[in-house]
Amino acid sequence: MATNCDFSRSSLLMEQYRREMELVAVALQEESQDEREERLGLVARAWSLTTACFQSQLDSSDEPAYTPVLAHK
């Protein structure tokens with residue numbers, strides 16, 4: 001059952017999200033073509049390094065990196 005508090009919090013979060021997205025949109029509009037290309041290049045390099053890192057972890061062990069712990073009673 002939702003309360004007035006839940007709706008108020010949801011409205012506040014939606015307003016905060018809207019303001020944050022407006023700031024991002026303005027920053028992207030002001031970005032030059034060179035800045036955009038540089039940013040996209042950084043993302044591409046970071047992605048390839050990230051995937052290489054995860055792949056090397058998978059290749060180096062047969063055990064999963066994350067093993068859930070089961071609680072015993």
Side-chain angles (χ1 to χ4, degrees):
M1 184 166 107
T3 65
N4 286 339
C5 182
D6 293 336
F7 290 127
S8 296
R9 182 167 186 222
S10 178
S11 295
L12 289 173
L13 289 174
M14 286 175 29
E15 179 61 23
Q16 181 181 1
Y17 175 79
R18 186 191 60 75
R19 284 193 310 261
E20 301 269 338
M21 291 300 102
E22 285 176 358
L23 292 173
V24 169
V26 168
L28 289 173
Q29 288 173 355
E30 293 174 352
E31 185 178 53
S32 72
Q33 183 65 31
D34 289 342
E35 290 170 323
R36 188 175 301 118
E37 288 174 5
E38 180 182 359
R39 180 174 47 83
L40 292 174
L42 290 171
V43 169
R45 283 191 295 281
W47 179 253
S48 64
L49 290 172
T50 301
T51 55
C53 179
F54 281 114
Q55 188 60 49
S56 69
Q57 282 185 338
L58 288 174
D59 294 344
S60 68
S61 76
D62 294 332
E63 294 294 318
Y66 169 75
T67 304
V69 177
L70 301 176
H72 296 283
K73 289 187 178 183

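Only heavy atoms go into these numbers, but all of them, side chains included; no hydrogens, no water, no symmetry mates. The first residue in the sequence is number 1, and the count goes up from there.
Partners of R45 by salt bridge (Lys or Arg N to Asp or Glu O under 4.0 Å), not counting sequence neighbours: none found.
R19 has a carboxylate O that lies under 4.0 Å from a charged side-chain N of E15, or vice versa, which qualifies the two as a salt bridge.
Interatomic distance, CZ of R39 versus CD of E35, reported as 9.5 Å (0.5 Å rounding). Between atom CD of residue E38 and atom OG of residue S32 there is a gap of 9.0 Å, rounded to the nearest 0.5 Å. Separating the CG atom in L23 from the CZ atom in R18 is a distance of 10.0 Å, to the nearest 0.5 Å.
Annotation: side chain of E22 is not in contact with side chain of V26 (no heavy-atom distance under 4.5 Å). Using a 4.5 Å cut-off on side-chain heavy atoms (C-beta onward), D59 and Q55 make contact.
Both L28 and Y17 are members of a single hydrophobic cluster when ILVMFWY side chains are connected at heavy-atom separations under 4.5 Å.
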